[in-house]
Amino acid sequence: MLIGFFITLIVEGESHSQPWWDYPGLELWKFFNLFLFAAVMIYLLKRPLTDAFRSRREGIRRELLKAREARDEAVRKLAEVQARLERLDAEVAAIQDQARSEAQAERERIARETEQDILKLREQAQREILGAGKVARHELRRFAAQQSVKLAEEIVRREIRSEDDARLIELNVEQMGRVEA
């Protein structure tokens, strides 16, 4: 497009008898001045720009390396987590099996202890029954003895006469005399 413009200027410039490099608004000295300014700027800014671009490139490279290391670390951790998750199902199943076996063992232990407690209670009840039977027999004998004594007293009072009483006193006195001698 710029070339087409210059060609148009050249062709038109010949008709106006003005050289092409001195066309109003597009004088050649302006382009030369721009080229000279750009060359001086490139010469002056080449080293600082190169250093700045190099340091920027190195900074970006370091950031990329850090990002790659972080990504690799994240991938490694993800692999560990996935491995843990895969093992987790097996661990959960193992824990459930262990819990079932412990529950079964606990049920068996409780059943054994319950049977032992039942046997102890039966033995204790038997002992208490035997003890209560002995106490009852003893009480019954004592009661029977008391009743026998009462009945004997009644019979003796009813049947004994005053001559029997005198004879008994006399026998007791004789027995005491023998014991003292």
Measuring from atom CD1 of Ile42 to atom CZ of Phe37, what distance do you get when rounded to the nearest 0.5 angstrom? 10.5 Å

Could you pull out all residues at least two apart from Arg68 that satisfy side-chain hydrogen bond (donor to acceptor under 3.5 Å, both in side chains)? none

Nearest 0.5 Å, what's the CG-CG distance between Leu49 and Leu44? 10.5 Å

Run the side-chain hydrogen bond (donor to acceptor under 3.5 Å, both in side chains) test against Arg127 and tell me which residues pass, sequence neighbours left out. none

Do Asp89 and Val92 come within less than 4.5 Å of each other through their side chains, counting heavy atoms only? no

Using a 6.0 Å cut-off, check whether atom CZ of Arg56 has over 12 heavy atoms from anything other than its own residue. no

Pairing residues for Glu102 by the side-chain hydrogen bond (donor to acceptor under 3.5 Å, both in side chains) criterion, not counting sequence neighbours: Gln98

Cluster link Leu121 to Ile118, ILVMFWY, side chain under 4.5 Å: no

To the nearest 0.5 Å, what is the distance between CD1 (Ile60) and CG (Leu65)? 12.0 Å

Report the C-alpha separation of Arg167 and Glu163 in whole Å, then their side-chain angles, then the decisive distance to 0.1 Å, and conclude whether the side-chain contact (heavy atoms from CB on, under 4.5 Å) test is met. CA-CA 6 Å; Arg167 193 172 44 97; Glu163 357 166 296; over 6 Å; no

Please test Glu139 against Arg142 for salt bridge (Lys or Arg N to Asp or Glu O under 4.0 Å), starting from the C-alpha separation and ending with a verdict. CA-CA 5 Å; Glu139 289 293 321; Arg142 191 175 59 80; 2.7 Å; yes

State plainly whether the residues Glu58 and Arg54 are in salt-bridge range, i.e. N to O under 4.0 Å. no

Quick one: are Glu108 and Arg112 in side-chain contact, heavy atoms under 4.5 Å? yes

In this structure, CG of Leu64 is separated from CZ of Arg62 (nearest 0.5 Å) by 11.0 Å

From CD1 (Ile110) to CG (Asp117), nearest 0.5 Å: 11.5 Å

Let's go through Glu86 and Gln82 carefully: what are the C-alpha distance in whole Å and the side-chain angles of both, what is the deciding distance for side chain to side chain donor-acceptor pair (under 3.5 Å) to 0.1 Å, and is it a yes or a no? CA-CA 6 Å; Glu86 290 172 2; Gln82 287 175 340; over 6 Å; no

Taking Met41 as the starting point, is it possible to reach Phe53 by hopping between hydrophobic residues whose side chains are less than 4.5 Å apart? yes

Do Gln126 and Glu123 have side chains that approach each other closer than 4.5 Å (heavy atoms only, starting at C-beta)? no

Under 4.0 Å between a Lys/Arg side-chain N and an Asp/Glu carboxylate O for Arg109 and Glu113? yes

A side-chain contact here means heavy atoms from C-beta on lying under 4.5 Å apart; do Lys120 and Gln124 qualify? no

Could you give me the CA-CA distance, side-chain angles and deciding distance for Lys150 and Glu154, then say whether salt bridge (Lys or Arg N to Asp or Glu O under 4.0 Å) is met? CA-CA 6 Å; Lys150 283 183 185 176; Glu154 284 179 17; over 6 Å; no

